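Only one structure is covered here, and it is reproduced in the block below.
By convention in this document, chain letters (A, B, ...) are assigned in the order of the sequence lines, proteins followed by strands, and residues within each chain are numbered from 1. Predicted model, so just to flag it, every value in this text is computed and none were measured.
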Number of protein chains: 2
Amino acid sequence: MIISRTSQYAIQALIYLATQPGGRPVLSRDIAHNLGVSPPYMAKVLQGLCRGQLLDSTRGRRGGFVLRSGAEHANLLEVVLLTDGPRVDRECLLGLKACQDETACPMHLNWKVVKKDIHACLGGITLRHLAKAVQSGQYRLADLPQGLASH
Amino acid sequence: MIISRTSQYAIQALIYLATQPGGRPVLSRDIAHNLGVSPPYMAKVLQGLCRGQLLDSTRGRRGGFVLRSGAEHANLLEVVLLTDGPRVDRECLLGLKACQDETACPMHLNWKVVKKDIHACLGGITLRHLAKAVQSGQYRLADLPQGLASH
DNA sequence: CCATATCACGACTCTGATGTCCTGTTATGC
DNA sequence: GCATAACAGGACATCAGAGTCGTGATATGG
């Protein structure tokens with residue numbers, strides 16, 4: 001896994017919110033349900049996104065979560081850096097703690113190229129792009145619920 | 001982490017063995033010591049590599065591990081597939097279980113390109129290449145032992 | 001101002017990967 | 001053959017990430 005489960009849920013939730021009409025908050029439990037994630041865990045992930053300034057939350061009746069204005073232009077790298085920290089960028093393929101250009105593992109140069117590709121891939125795509133893709137109907141944000149063929 | 005710790009240790013051990021003069025077996029504990037890995041865990045990793053046909057082991061006095069003949073031409077993808085299974089290839093960035101071309105997540109096409117790059121990177125480099133690199137003295141196979149500055 | 005609906009947050013549990021240990025098997029050399 | 005040196009392999013321990021729960025805070029609507 002290149003990114004943590006928490007990051008995956010975070011990205012899914014953000015895309016989902018980006019597909020919703022702005023203005024009215026969406027319930028944590030509705031997001032969880034739509035994505036097939038356990039409600040308590042989704043709640044925790046959403047809290048993290050609020051702390052990271054990507055979401056706004058309102059409590060009480062008619063409360064819930066909305067994308068902050070401007071957050072739809074955040075790219076995936078920003079989201080992953082927020083939830084997983086700088087791991088994605090730094091990590092050495094062989095696990096060396098000190099794998100820099102001067103003190104490199106034998107895969108360093110090759111792996112550096114791949115990391116750049118990953119960086120570009122994540123950094124070049126915004127929540128808005130992904131929301132549009134989902135809205136086109138050609139892509140899925142979550143696995144289908146099981147039991148589809150069961151009746 | 002794109003590959004497991006076990007895979008990282010496996011690759012390190014294989015490269016290390018590829019740098020050793022063939023013929024005489026190398027002790028599990030010597031490999032562990034040279035790479036800064038705990039001896040029992042390294043022993044377990046080496047056993048896996050024997051089962052996977054990459055190493056030969058001999059027991060008893062003057063026993064230890066040697067690279068099987070031909071194994072130096074194994075590439076990193078083969079090693080990772082052996083120790084981690086097909087995870088690296090398949091995995092969806094967003095964690096969907098069924099993310100194929102027809103039932104794709106919105107990152108599928110972009111991520112497919114990155115996976116191809118990773119595949120090429122791992123598949124294009126053999127243990128021999130890496131052993132040569134280490135033998136050149138320009139690269140490290142393990143972190144320096146701590147306490148270097150302590151006396 | 002009270003009941004209710006919702007998020008906030010810390011504490012707890014669970015699980016799989018990592019790491020350790022012990023006993024058994026096999027080879028060597030005297 | 002017996003003592004010793006090494007791997008084999010399963011059982012056990014530890015830890016971090018994933019997931020759950022309960023209590024508190026806050027907003028709404030009557």
Side-chain angles (χ1 to χ4, degrees), chain A residues 1-13 17 23-33 35-68 80 82-85 87-88 91 94-95 97, chain B residues 1-13 17 23-33 35-68 80 82-85 87-88 91 94-95 97:
Chain A
M1 277 206 194
I2 190 134
I3 62 176
S4 70
R5 204 125 258 267
T6 297
S7 280
Q8 293 178 336
Y9 291 160
I11 293 171
Q12 289 178 18
L17 283 171
R24 63 187 138 176
V26 183
L27 296 189
S28 169
R29 91 171 87 93
D30 287 346
I31 300 172
H33 203 250
L35 299 178
V37 174
S38 89
Y41 196 33
M42 179 50 81
K44 181 181 273 191
V45 172
L46 293 172
Q47 277 172 43
L49 294 175
C50 284
R51 276 193 292 267
Q53 323 282 315
L54 287 172
L55 296 184
D56 279 323
S57 67
T58 49
R59 304 201 214 192
R61 285 195 178 184
R62 311 198 57 77
F65 295 88
V66 279
L67 218 53
R68 275 214 184 176
V80 172
L82 176 63
T83 47
D84 281 355
R87 217 179 50 135
V88 199
E91 212 156 58
L94 298 189
K97 280 169 199 131
Chain B
M1 276 204 194
I2 190 135
I3 62 178
S4 71
R5 204 123 257 261
T6 296
S7 279
Q8 293 178 335
Y9 290 161
I11 293 172
Q12 289 177 17
L17 284 171
R24 62 188 138 176
V26 183
L27 297 187
S28 167
R29 89 172 86 92
D30 287 347
I31 300 172
H33 202 249
L35 299 178
V37 174
S38 89
Y41 196 34
M42 179 51 80
K44 180 177 273 192
V45 172
L46 294 171
Q47 278 172 43
L49 295 175
C50 285
R51 279 194 289 268
Q53 323 283 315
L54 287 173
L55 296 183
D56 280 323
S57 67
T58 49
R59 303 201 213 191
R61 286 196 179 185
R62 311 198 55 76
F65 295 87
V66 279
L67 218 55
R68 277 214 181 174
V80 172
L82 176 64
T83 47
D84 280 356
R87 217 180 50 134
V88 198
E91 211 156 59
L94 297 190
K97 281 169 197 130

Check whether any side-chain heavy atom of A:Leu82 lies under 4.5 Å from a side-chain heavy atom of A:Leu54, and answer yes or no.
yes
In the 5'-to-3' direction, what one-character label does each nucleotide of nucleotides 10-23 of chain C receive under the scheme B = base within less than 4.0 Å of a protein heavy atom, S = sugar-phosphate only, - = no such atom?
-B------SBB---
Shortest non-hydrogen contact between B:Thr83 and B:Ala10, atoms and distance
CG2-CB, 4.1 Å
Restricting to non-hydrogen atoms, name the atom on A:Phe65 and the atom on A:Leu55 that form the minimum distance, rounded to 0.1 Å.
CD2-CD1, 4.1 Å
Shortest non-hydrogen contact from A:Ala13 to A:Ile31?
CB-CG2, 4.0 Å
Only pairs under 3.5 Å count here: list side-chain donor-acceptor contacts from residues 35-51 of chain A, not counting sequence neighbours, and write none if there are none.
| unit_1 | atom_1 | unit_2 | atom_2 | d |
| --- | --- | --- | --- | --- |
| A:Ser38 | OG | A:Tyr41 | N | 3.4 |
| A:Tyr41 | OH | A:Thr6 | OG1 | 2.6 |

For A:Arg87, the salt bridge (charged side-chain N to carboxylate O under 4.0 Å, His left out) test, sequence neighbours excluded, returns A:Asp84
Do A:Glu91 and B:Met1 come within less than 4.5 Å of each other through their side chains, counting heavy atoms only?
yes
Under 3.5 Å, which N/O atoms of the protein pair with N/O atoms of nucleotides 25-28 of chain C?
| unit_1 | atom_1 | unit_2 | atom_2 | d |
| --- | --- | --- | --- | --- |
| C:dT25 | O2 | B:Arg59 | NH1 | 2.8 |

Outer limits of DNA chain D sitting under 4.0 Å from a non-hydrogen atom of chain B, read 5' to 3', are D:dT4 to D:dA11
Going by the rule salt bridge (charged side-chain N to carboxylate O under 4.0 Å, His left out), which residues pair with A:Arg62 if we only count those two or more places apart in sequence or in a different chain?
none
Under 4.0 Å, counting only non-hydrogen atoms across every strand here, what does A:Leu27 touch: a base, just sugar-phosphate, or nothing?
sugar-phosphate
Is there a side-chain contact between B:Leu67 and B:Asp56 (heavy atoms, below 4.5 Å)?
no
A:Val26 versus A:Val66: any side-chain heavy-atom pair under 4.5 Å?
no
